[in-house]
Protein chains: 4
Amino acid sequence: MTKAVQTKSQKRQEARHAQILDAAAACFVKEGFHGTSMSKVAAEAKMSVGHIYHYFASKEEIILALVEREQEQTLVKVSEALTIPAEDLVEGFTERLSDSLCNHATPFQSILNHEILAEAQRNPKVAEKVYETDAMVREIFTKMFRERLGIEDCEARIEAMSAMFHGLGSRTQRNPNIDIDGLLPITREFLRQIFGK
Amino acid sequence: MTKAVQTKSQKRQEARHAQILDAAAACFVKEGFHGTSMSKVAAEAKMSVGHIYHYFASKEEIILALVEREQEQTLVKVSEALTIPAEDLVEGFTERLSDSLCNHATPFQSILNHEILAEAQRNPKVAEKVYETDAMVREIFTKMFRERLGIEDCEARIEAMSAMFHGLGSRTQRNPNIDIDGLLPITREFLRQIFGK
Amino acid sequence: MTKAVQTKSQKRQEARHAQILDAAAACFVKEGFHGTSMSKVAAEAKMSVGHIYHYFASKEEIILALVEREQEQTLVKVSEALTIPAEDLVEGFTERLSDSLCNHATPFQSILNHEILAEAQRNPKVAEKVYETDAMVREIFTKMFRERLGIEDCEARIEAMSAMFHGLGSRTQRNPNIDIDGLLPITREFLRQIFGK
Amino acid sequence: MTKAVQTKSQKRQEARHAQILDAAAACFVKEGFHGTSMSKVAAEAKMSVGHIYHYFASKEEIILALVEREQEQTLVKVSEALTIPAEDLVEGFTERLSDSLCNHATPFQSILNHEILAEAQRNPKVAEKVYETDAMVREIFTKMFRERLGIEDCEARIEAMSAMFHGLGSRTQRNPNIDIDGLLPITREFLRQIFGK
DNA sequence: TATGAATGAGTCTTCATTCAT
DNA sequence: GATGAATGAAGACTCATTCAT
């Protein structure tokens with residue numbers, strides 16, 4: 001019984017955490033980390049300001065938790081890519097790229113991307129999390145190159161591929177009229193080269 | 001004579017503008033747009049707060065002016081690239097890429113990149129300027145492809161190339177231990193492809 | 001039987017009251033009345049915040065109850081002094097003085113002294129309790145002077161003696177290097193005078 | 001001319017400082033350090049909240065500045081006492097004592113006394129200032145004992161005298177019906193002893 | 001009895017902006 | 001042109017208190 005009660009309160013706690021992070025994410029996308037006030041987050045979360053501080057010690061903690069959550073989602077997406085058979089890698093990645101560019105996102109990264117990178121430039125804790133995730137992503141890709149393609153020396157390939165993914169993501173931000181379909185042949189060729197030999 | 005005096009005062013005015021923008025840029029790099037107060041800008045510019053408002057109507061105007069100035073610098077750098085002879089294009093661009101990555105920058109864009117892109121997501125005026133510059137850069141590159149390489153249909157190539165440039169720039173932010181030299185062969189190959197045929 | 005149960009629950013109630021007041025006292029000494037939050041008191045008392053409100057209607061009530069408890073302790077100590085034989089009064093009081101000064105306290109008053117007096121300046125209820133206790137202390141001393149020393153007109157003596165006690169207590173706060181032993185002869189002489197004739 | 005302007009602005013600055021400290025003192029006496037909000041201080045000073053922060057970095061700085069100002073006033077009063085001729089010392093001090101007790105104060109200390117001592121118990125900076133002042137006061141009294149009374153070994157006398165002064169001050173707070181005139185003979189006798197031999 | 005989730009007014013502090021000098 | 005005094009609205013955060021469980 002004690003256990004049931006505790007589980008219940010834990011569930012509620014997790015629900016509240018998620019509720020707050022969802023609200024914060026929504027606000028941050030609209031207004032940025034520093035353009036969003038805690039009272040806006042509270043309003044969006046349908047919660048009192050004070051209550052938010054019951055769950056997060058500070059606004060920064062919310063940002064950090066959100067960055068962490070984004071990371072986890074990134075890792076999930078990246079891991080999914082691992083299930084693609086070796087012979088379909090080029091097409092699979094091209095498709096993912098195409099899909100996510102249509103949503104103004106990067107295959108493995110969310111809309112909060114720039115906000116997070118901008119913040120990372122001056123908040124070491126955020127930077128640390130960014131480094132961590134990137135390291136894990138590279139690790140996963142390394143595994144992919146080795147186990148699926150038999151390519152051992154893949155560091156540069158992974159860097160180039162990641163650069164292309166993030167770079168294409170930022171293209172939709174700089175050029176709203178970008179012709180995504182026109183880009184596919186060239187990126188497909190690029191991926192063929194990356195995965196090739 | 002009237003004209004001379006006015007020119008003189010115009011010069012002073014421009015000097016003041018530059019002084020303020022330099023100070024603002026320095027602060028923005030350190031603290032971000034929203035983490036920088038006008039009094040910090042004033043202190044950095046060795047000027048009183050009130051005096052800054054003599055030259056700029058608001059903080060936002062400073063941001064906009066700075067974004068504009070960054071654009072101009074971008075265009076200057078891009079134009080310089082145009083002077084490279086056709087046969088040296090691959091090596092020239094590779095070299096530029098290598099140089100700027102070592103400074104944690106993008107060949108044609110400054111450190112304030114992410115700050116500007118993050119701001120563009122919610123400030124339409126900033127977004128507008130970002131679009132404008134990008135359009136002008138693409139125009140210049142289009143001219144380059146047509147006049148130097150005889151390639152008419154270059155839209156996708158330019159998009160891919162730009163993506164790679166910006167993407168590589170963000171790689172140094174996500175992976176502080178990146179092996180830049182190891183990347184060069186792969187980017188050289190990529191550029192060869194972009195400029196090829 | 002009903003009575004027995006009630007007595008039991010009364011005991012528990014009193015224990016809880018004491019538990020809370022002890023915790024509050026500990027916090028108040030460290031942080032002051034207004035620097036101490038109810039949640040700190042709750043944490044110190046190993047009790048939930050809500051539960052404290054089961055026993056005390058408000059934070060002010062806790063302060064008042066604490067002030068009252070301090071008073072009772074004061075009265076107990078003062079009463080103990082009454083048991084000293086007339087011929088040992090000077091030495092007895094001198095000794096008590098010396099002892100308590102070493103603990104940075106006043107013979108008949110606790111560390112919360114200043115906190116209480118400061119609070120009394122703006123909280124009439126606290127002031128009232130301070131007056132009350134002081135009146136009772138004076139009464140006890142009056143009895144002592146009359147019954148043990150045969151001195152009827154003792155008001156001024158009691159005032160002077162009390163002043164000296166409290167005053168010496170505050171000396172240890174203003175001069176941390178005070179030479180307590182060096183003071184004893186002079187206070188002994190003073191007490192001899194107070195109790196004399 | 002520059003000098004005149006500067007003097008003028010310095011004067012204004014000092015006036016503002018005093019204005020804020022006066023307002024703060026008034027509030028602190030009524031509501032205590034921690035019961036007084038900055039907006040109340042601002043209202044009392046007829047100034048905007050923000051402007052107060054132009055002159056003081058924080059509320060604590062105001063408290064410290066106020067404590068310092070009280071100290072200076074204490075030292076002034078103590079120094080004045082030094083002008084009393086040796087033969088009038090007992091009467092002079094008795095008179096001062098009587099006067100100040102009628103104003104619910106201590107001869108050499110203000111109404112904020114208890115607030116300051118309570119604060120000193122947990123704010124080391126305030127404690128430091130309290131120690132400092134007391135040391136200076138003792139120094140002045142030492143000089144008085146040596147130069148005017150030829151008494152070299154006066155440490156204990158000064159401690160006892162200070163205790164009596166502060167102690168009597170707190171008597172008016174504990175016993176609002178205190179008979180000040182009745183006390184005078186006994187304190188006069190006490191002072192005679194302190195200054196005697 | 002006991003918990004701690006929930007509230008929202010209130011705290012200190014900052015900041016863009018204005019204006020008298 | 002140049003200063004910095006002055007404003008007041010907002011910001012992050014705290015806290016006494018209440019209430020559902």
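In what follows, chains are A, B, ... by sequence order, proteins preceding strands, each numbered from 1. All values derive from a computational prediction rather than experimental measurement.
Remark on DNA chain E: of its neighbouring residues A:Lys46 and B:Ser58, the 5'-side contact belongs to A:Lys46, judged by nearest-heavy-atom nucleotide. Between A:Gly50 and B:Gln13, the residue whose closest nucleotide on DNA chain F is further toward the 5' end is B:Gln13. Closest-nucleotide positions on DNA chain F for B:Met47 and C:Gly35 were compared, and the one nearer the 5' end corresponds to B:Met47. The 5' end of DNA chain E is approached more closely, in terms of each residue's nearest nucleotide, by D:Ser39 than by the other of D:Ser39 and B:His51.
Atom OH in B:Tyr53 sits about 17 Å away from atom P in F:dA5, given to the nearest Å. One can place CZ of A:Arg12 at 9 Å from C1' of E:dG4, the figure rounded to the nearest angstrom. For the pair B:Gln10 CD and F:dG1 C1', the interatomic distance rounds to 16 Å; values are reported in whole Å. The interatomic distance linking D:Met38 (CE) with E:dG10 (P) rounds to 18 Å, in whole Å. The NZ-P distance, from D:Lys59 to F:dT14, rounds to 15 Å in whole Å. E:dA5 atom P lies 15 Å from atom CD1 of A:Ile52, rounded to whole Å. Rounded to an integer number of Å, the gap from NE2 of B:His34 to C1' of F:dG11 is 14 Å. The OH atom of B:Tyr55 sits 6 Å away from the C1' atom of F:dG1 (whole-angstrom rounding).
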Using a 3.5 Å limit on both pairing distances, list the dot-bracket string of DNA chain E from the 5' end; Watson-Crick and G-U wobble pairs count, crossing pairs take [ ], interstrand pairs take |.
-> .||||||||||||||||||||
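Among all heavy-atom pairs drawn from A:Gln19 and A:Lys46, the shortest one is NE2-O, 4.3 Å. When all heavy atoms of C:Glu115 and D:Ala118 are compared, the closest pair comes out as OE1-CB, 3.7 Å. Counting all heavy atoms, side chain and backbone alike, B:Ala42 lies closest to B:Ile52 at CA-CD1, 3.6 Å. Between A:Leu117 and A:Val130, the closest heavy-atom pair is CD2-CG1, 4.2 Å.
Listed nucleotides F:dA16, E:dA5, F:dA6 differ in distance to D:Ser48; the shortest reach to its side chain belongs to F:dA6.
In this structure, the salt bridge (charged side-chain N to carboxylate O under 4.0 Å, His left out) partners of A:Lys129, at least two apart in sequence or on a different chain, are A:Glu68.
A 4.5 Å side-chain heavy-atom check between A:Arg69 and A:Asp22 finds at least one atom pair inside the cut-off.
A close approach under 4.0 Å does not occur between any side-chain nitrogen or oxygen of C:Arg16 and OP1 or OP2 of E:dT1. The side chain of D:His54 places no N or O atom within less than 4.0 Å of a non-bridging phosphate oxygen (OP1 or OP2) of F:dA6.
Listed by first and then second residue, the salt bridge (charged side-chain N to carboxylate O under 4.0 Å, His left out) pairs that reach into residues 54-67 of chain A come to none, sequence neighbours excluded.
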